[in-house]
Amino acid sequence: MLEIQNLTVHYGKIRALDSVSLEVKPGEIVSLVGANGAGKTTLIWTIFGCLKPTSGKVIFEGKEVPAKPNVAAKMGMGLSPERRRLFPNLTVRENLRMGAYLRKDKAEIARDEENMYAMFPVLKIRYTQYAGTLSGGEQQMLAIARALMCRPKLLLLDEPSLGLSPLLTEQLFAKIPEVNATGVGILLSEQNAFKALKVAHRAYVIETGTIAMEDTPQNLLSSDHVRQSYLGFRAV
Amino acid sequence: MLLQTLVTGLAIGGVYALMAVGYSLVFSILNFSNFAHGVIIMLGAYFGYYLCSSLGLGIGASMLGAMIGTAVISILNEKLAYRPLRLRKAVPLYFMISAMGAAMFLENMVYVTVGSHFYSYPSFFTGSISIGGAYVGLLDIVALSISTFFIILLTLFLNKTMMGTAIRAASRDMLVASTLGVNIDGLLMVVFALAGGFAGIAGVFLGVKYLVYPTMGVITNKAYIAAVIGGIGSLPGAIVGGLILGLVESFVSAYISTTLRDVFSFSMLIILLLVLPSGLFGKTLDEKL
């Protein structure tokens, strides 16, 4: 459903991504693993049309995604951005409603809102509170729920574990297959390689702006390179 | 005397608030001080003047016409002077310079086309009514009621509608708002139409109360002060700032000295900024990692 062909992105003169190609098939969970500064977030923002690539294409369901994020949303992509980026001056409920900005079906929106509260019960308790007053974990749940409120066909999840305790990370990652089971494709960009590989159907390893490896999580988890660079194992 | 001064202060304050709201709305989204706003208020005064004196329309219709006129000018101002900068991701300083350029352009357009004459509106609301022994100007009461009405309408719009929620969301994070499907060009059209419409009403009130002339936009520096006192970018701040400024001016004029009026307003601004650098209701950064 998502196909990225030879994507190159520059920040001024600095090349952040170099000819990256990647694919997410319908119903798949694909993880994008890499160190800080490897280009994961740049890739996510470019897919969503927030950054203009120097060359290459992003194709979603057969159509090229233009460099306009609101069009990417209309095409059926949802984004839970790095560092959450909620609207702190809006309530939890208003943040969710913003997620459904493009939808007109009032009854369905209300039902989806209830679904989000069922998936993340703490949001129900806090729904009249300003998003800025939530804890880090609650904010991450709200960021994901906000992205799901647009009923995306593909969810881009950028660094959901950032700043969360191991326990919260565990709980949050348990939700990923749950969301996927409703038919949503997921592209997960994550520094925590072990967690990201455990949850994925397929994964890419990104290093200094290029795709270094692509394989099944099982193979990557047993590869020496991944074990040494990302999972903290020493070379034997 | 007290009641009269109070109503006059609130009426001037209400008009300041109308103007300050325009500064704050634009600042909250684009993070720059739109110094073309004062000139748009001046144009509103001219539009209203021509509609009522040349076409002989009533004050209500003239005000509506002025609002539409300034809303259109304000939208064009954004499209021609700010949008190209937005697309190039320019820093706020460039927007401010572009705003000053737009202001000079529009002011000189008035000199070239209309000239530098002073015009006065036909007389509207000249009477006064007596409340508890004090005489309160009818114009003041009308100005206060109409500003209150429009400010309530705006508050409802921003808090109860989806577009209003999107404007509040975009004021914190325009990029993320656009990833949820908000068309930023469309949203800014609404924001500038609102700021422009409010400028039109304020311009007509200023014209009726004082005179119409090309540099009358200077009065709106006071509205900018009001916006800064309240905390620029904040809507309640603009309203409270406008009312405080109006009251201070009216009480200083009545009880101390008319000539000291502006000295008081500017001193108040400086002292307030020393104590509260971001104004009364200023934006604070409260992002959590």
Side-chain angles (χ1 to χ4, degrees), chain A residues 44-45 47-52 67-91 93-104 106 109 130-140 143 146-147 149-150 152 156 158-159 162-164, chain B residues 24-25 27-29 31 83 86-91 155-191 230-238 278-279 281-289:
Chain A
I44 297 283
W45 285 116
I47 292 173
F48 222 94
C50 300
L51 291 170
K52 214 181 163 88
K68 286 180 182 153
N70 61 317
V71 176
K74 222 169 264 177
M75 290 170 84
M77 288 200 267
L79 172 68
S80 166
E82 186 192 24
R83 292 158 56 89
R84 276 94 67 175
R85 304 209 19 194
L86 298 170
F87 305 117
N89 56 331
L90 266 55
T91 63
R93 180 152 197 217
E94 284 173 332
N95 268 280
L96 289 177
R97 289 291 161 120
M98 276 307 295
Y101 182 79
L102 287 173
R103 294 170 55 188
K104 301 277 171 267
K106 284 214 169 105
I109 294 172
Y130 286 110
T133 67
L134 301 186
S135 74
E138 291 161 354
Q139 290 199 2
Q140 188 60 59
R146 180 179 66 180
M149 283 299 287
C150 69
L156 308 181
D158 199 1
E159 298 285 1
L162 193 79
L164 299 191
Chain B
S24 262
L25 265 177
F27 189 91
S28 75
I29 308 271
N31 271 305
R83 188 169 180 272
R86 250 191 316 120
L87 297 182
R88 293 194 183 93
K89 300 188 167 57
V91 295
T155 311
L156 288 176
F157 170 76
L158 288 176
N159 288 298
K160 301 287 174 202
T161 67
M162 208 52 231
M163 179 48 95
T165 310
I167 289 174
R168 284 183 296 133
S171 77
R172 284 307 179 104
D173 202 326
M174 199 150 87
L175 183 63
V176 170
S178 71
T179 67
L180 299 174
V182 178
N183 176 352
I184 297 299
D185 277 332
L187 180 127
L188 284 173
M189 238 172 99
V190 174
V191 167
I232 190 152
S234 150
L235 189 69
S278 53
F281 299 82
K283 263 193 199 180
T284 48
L285 295 169
D286 43 11
E287 192 197 16
K288 270 187 199 164
L289 205 124

Engineer: What's the shortest heavy-atom distance between B:Arg168 and A:Leu90, and which atoms?
Structural biologist: CB-CD1, 3.8 Å

Engineer: Only one of A:Cys150, A:Pro69, A:Ser80 passes side-chain contact (heavy atoms from CB on, under 4.5 Å) with B:Thr179; say which it is.
Structural biologist: A:Pro69

Engineer: Do you know the tightest heavy-atom contact between A:Ala73 and B:Gly181?
Structural biologist: CB-N, 3.6 Å

Engineer: Starting at OH of A:Tyr101, measure out to OG of B:Ser178 and round the result to the nearest 0.5 Å.
Structural biologist: 11.0 Å

Engineer: Return the minimal non-hydrogen interatomic distance between A:Leu102 and B:Leu180, and the atom names on each side.
Structural biologist: CG-O, 3.9 Å

Engineer: Is it the case that over 12 heavy atoms from other parts of the model lie below 6.0 angstrom from the CE atom of A:Met75?
Structural biologist: yes

Engineer: Give, as side chain, backbone, both or neither, the part of B:Asn159 having an atom under 4.5 angstrom from any heavy atom of chain A.
Structural biologist: backbone

Engineer: Heavy-atom pairs under 4.5 Å with chain B - which of A:Lys74, A:Glu94, A:Lys68 has more of them than the others?
Structural biologist: A:Glu94

Engineer: Write down the atom of A:Pro88, the atom of B:Arg172, and the distance for their closest heavy-atom approach.
Structural biologist: CG-NH1, 3.4 Å

Engineer: Shortest non-hydrogen contact from A:Arg97 to B:Met162?
Structural biologist: O-CE, 3.3 Å

Engineer: For a quick test of reading the model, state the closest non-hydrogen atom pair linking B:Ala169 to A:Phe87 and the distance between them.
Structural biologist: O-CD2, 3.3 Å

